[in-house]
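The structure displayed is predicted, hence computed values, not measured ones. Residue numbers begin at 1 in each chain, while the letters A, B, ... track the order of the sequences. Just so you know, these numbers use all the heavy atoms, side chains as well, and skip hydrogens, waters and symmetry mates.
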Protein chains: 2
Amino acid sequence: MNREKFAYSSCPLVKAMTALGSKWKPIIVCVIRDKKVRFGQLAAIMDVISRKVLTDQLRELEADGILIREEFKELPPRVEYSLTQKGLDLLPIFSMLEDWETKYDQQSEVDDLSMHSLQESLVVEKN
Amino acid sequence: MNREKFAYSSCPLVKAMTALGSKWKPIIVCVIRDKKVRFGQLAAIMDVISRKVLTDQLRELEADGILIREEFKELPPRVEYSLTQKGLDLLPIFSMLEDWETKYDQQSEVDDLSMHSLQESLVVEKN
DNA sequence: CGGCATCCTACCCGATACTG
DNA sequence: CAGTATCGGGTAGGATGCCG
């Protein structure tokens, strides 16, 4: 690629957006946060995501080193997902992005769910 | 949508990613930066993007209040794009995202183009 | 419980040609 | 110069069903 134009494949921002720019990945990262979360919990909280897509996204995030998948050979099976340091480092960035959106969103309503309340949902689901 | 699960449509992070999560939008924002840039310059720098797609993305960014399109009724026609305050506020966020990617990218090479060198490309193109 | 396998749809993105 | 118009392919995302 021409250096004087735009080196697409080597641009860090392009790489980052390739890894994170899908429809659900930022949400998944924010929901997991600093906890270990089981697959069923993720599926229950984000029930607008089909299970296939959720699985796909989790696998890609794992391949990009953003989260870790731990499989326990039990019955019934248990799988826990947690963020790596690389994934944890994303949280303040997503927080800024959320603030940016909220600041400029005309439609913002009182009942908006923030990242924080997403985490509260998680706690509820644990029961 | 169920409040106890996940309020997809009202989640600020989802909204932000919907507005910015496309393949090229972050790059466009970073290339324009704090300058007024003509369509032809953008097309020349990001020559991997077809003009149709570039136009589409610019229109969407305009609709989302991230940039402003100024059309001068001259011959030959001139159109200048510049960021709004909303768009300018994205730059530090993208900068963090770029730093994050660079920090964790194993493949990072010396000849990577950063946002800063993107801007240098812009200057070159002005001649 | 936490997946795959399969099929399907929408739409993002690109190539090409044309216009004021 | 800065676009539109049109066509089309690839793929992200979704619905459904089966499995260890």
Side-chain angles (χ1 to χ4, degrees), chain A residues 1 5-6 8-9 11 14 17-28 31-32 36-64 67-82 122 125-127, chain B residues 1 5-6 8-9 11 14 17-28 31-32 36-64 67-82 122 125-127:
Chain A
M1 191 163 306
K5 307 293 182 176
F6 171 63
Y8 173 63
S9 59
C11 172
V14 171
M17 289 305 294
T18 301
L20 302 169
S22 84
K23 191 173 177 180
W24 300 112
K25 282 177 186 171
I27 298 301
I28 294 172
V31 167
I32 297 179
K36 286 177 185 285
V37 187
R38 297 182 60 167
F39 180 84
Q41 294 177 284
L42 294 174
I45 297 169
M46 300 174 284
D47 60 354
V48 287
I49 317 181
S50 71
R51 295 184 151 239
K52 170 191 166 293
V53 173
L54 181 56
T55 302
D56 291 346
Q57 307 289 292
L58 286 168
R59 287 292 192 279
E60 290 180 22
L61 288 169
E62 186 189 11
D64 286 330
L67 57 76
I68 293 172
R69 178 179 183 276
E70 286 178 287
E71 187 171 358
F72 300 87
K73 304 288 188 183
E74 309 170 346
L75 276 175
R78 180 163 58 106
V79 176
E80 287 181 351
Y81 293 92
S82 56
L122 180 56
E125 290 299 325
K126 276 188 170 172
N127 300 332
Chain B
M1 191 161 306
K5 306 294 180 174
F6 171 63
Y8 171 63
S9 59
C11 172
V14 171
M17 289 305 293
T18 301
L20 302 168
S22 85
K23 191 173 177 180
W24 299 111
K25 283 176 186 174
I27 298 301
I28 294 172
V31 167
I32 297 179
K36 285 177 184 285
V37 188
R38 298 184 58 170
F39 181 83
Q41 293 177 284
L42 294 174
I45 296 169
M46 299 175 285
D47 60 355
V48 286
I49 317 181
S50 73
R51 295 183 148 238
K52 170 189 167 298
V53 173
L54 181 55
T55 302
D56 292 346
Q57 306 290 294
L58 287 167
R59 289 290 193 280
E60 290 180 22
L61 288 169
E62 187 190 10
D64 286 329
L67 56 77
I68 293 172
R69 179 178 182 274
E70 286 178 289
E71 187 172 358
F72 300 86
K73 302 290 188 180
E74 306 171 346
L75 277 173
R78 179 164 57 107
V79 177
E80 286 182 352
Y81 294 92
S82 56
L122 180 56
E125 290 300 324
K126 278 189 168 170
N127 301 332

Undergrad: How many angstroms lie between atom CZ of A:Phe39 and atom CG of A:Leu58, to the nearest 0.5 angstrom?
TA: 6.5 Å
Undergrad: To the nearest Å, give me how far apart CG (B:Leu75) and C1' (D:dG3) are.
TA: 14 Å
Undergrad: On a heavy-atom basis, which atom in B:Met17 and which in A:Pro26 lie closest, and how many Å separate them?
TA: CG-CG, 3.6 Å
Undergrad: OP1, OP2 of C:dG2 versus side-chain N and O of A:Arg38: anything below 4.0 Å?
TA: yes
Undergrad: Side-chain N or O of B:Lys23 less than 4.0 angstrom from OP1 or OP2 on C:dG14?
TA: yes
Undergrad: Could you state the atom-to-atom distance from CD of B:Gln57 to P of C:dC12 in whole Å?
TA: 9 Å
Undergrad: Roughly how many Å is it from CZ in B:Arg51 to P in C:dT16, rounded to a whole number?
TA: 15 Å
Undergrad: Among D:dG14, D:dG3, C:dG2, which nucleotide has an atom closest to any side-chain atom of B:Phe39?
TA: D:dG3
Undergrad: Applying a 4.0 Å non-hydrogen cut-off, can you work out what B:Tyr81 is touching in the nucleic acid: base, sugar-phosphate, or nothing?
TA: sugar-phosphate
Undergrad: Measure from CG on A:Leu58 to C1' on C:dC1 and round the result to the nearest Å.
TA: 14 Å
Undergrad: Does D:dA2 have OP1 or OP2 sitting under 4.0 Å from an N or O in the side chain of B:Arg69?
TA: no
Undergrad: Nearest to the side chain of B:Pro77, heavy atoms from C-beta on, is which of C:dA15, C:dG3, D:dC1?
TA: D:dC1
Undergrad: Do A:Lys36 and A:Glu70 pass the salt bridge (charged side-chain N to carboxylate O under 4.0 Å, His left out) test, and can you show the C-alpha distance, the side-chain angles, and the key distance before you say yes or no?
TA: CA-CA 9 Å; A:Lys36 286 177 185 285; A:Glu70 286 178 287; 2.5 Å; yes
Undergrad: Sequence neighbours excluded, which residues qualify as salt bridge (charged side-chain N to carboxylate O under 4.0 Å, His left out) partners of B:Glu60?
TA: B:Lys25
Undergrad: On the nucleotide C:dG2, are OP1 or OP2 found under 4.0 Å from the side-chain N or O atoms that A:Arg78 carries?
TA: no
Undergrad: Rounded off to whole Å, could you give me the CD-to-P distance for the B:Glu80 and D:dC1 pair?
TA: 15 Å
Undergrad: Could you check which of D:dG13, D:dC1, C:dC4 has an atom nearest any side-chain atom of A:Arg59?
TA: C:dC4
Undergrad: The side chain of B:Ser22 is closest to which nucleotide in this list: C:dC13, C:dG20, D:dG14?
TA: C:dC13
Undergrad: Atom CD of A:Gln41 to atom P of C:dG2: distance rounded to whole Å?
TA: 8 Å
Undergrad: Could you check how far CD1 of B:Ile28 sits from C1' of C:dC13, rounded to whole Å?
TA: 12 Å
Undergrad: Quick one: which of C:dG2, C:dC7, C:dG14 gets closest to the side chain of A:Lys52?
TA: C:dC7
Undergrad: Of the nucleotides C:dC1, C:dG3, D:dG13, which has the atom closest to the A:Thr55 side chain?
TA: C:dG3
Undergrad: How is B:Val53 classified with respect to the nucleic acid when contacts are heavy atoms under 4.0 Å: base, sugar-phosphate, or nothing?
TA: base
Undergrad: Find out whether B:Trp24 and B:Leu54 are in side-chain contact, i.e. whether some heavy atom of one side chain is under 4.5 Å from a heavy atom of the other.
TA: no
Undergrad: How many Å lie between CG on B:Leu54 and C1' on D:dA2, as a whole number?
TA: 10 Å
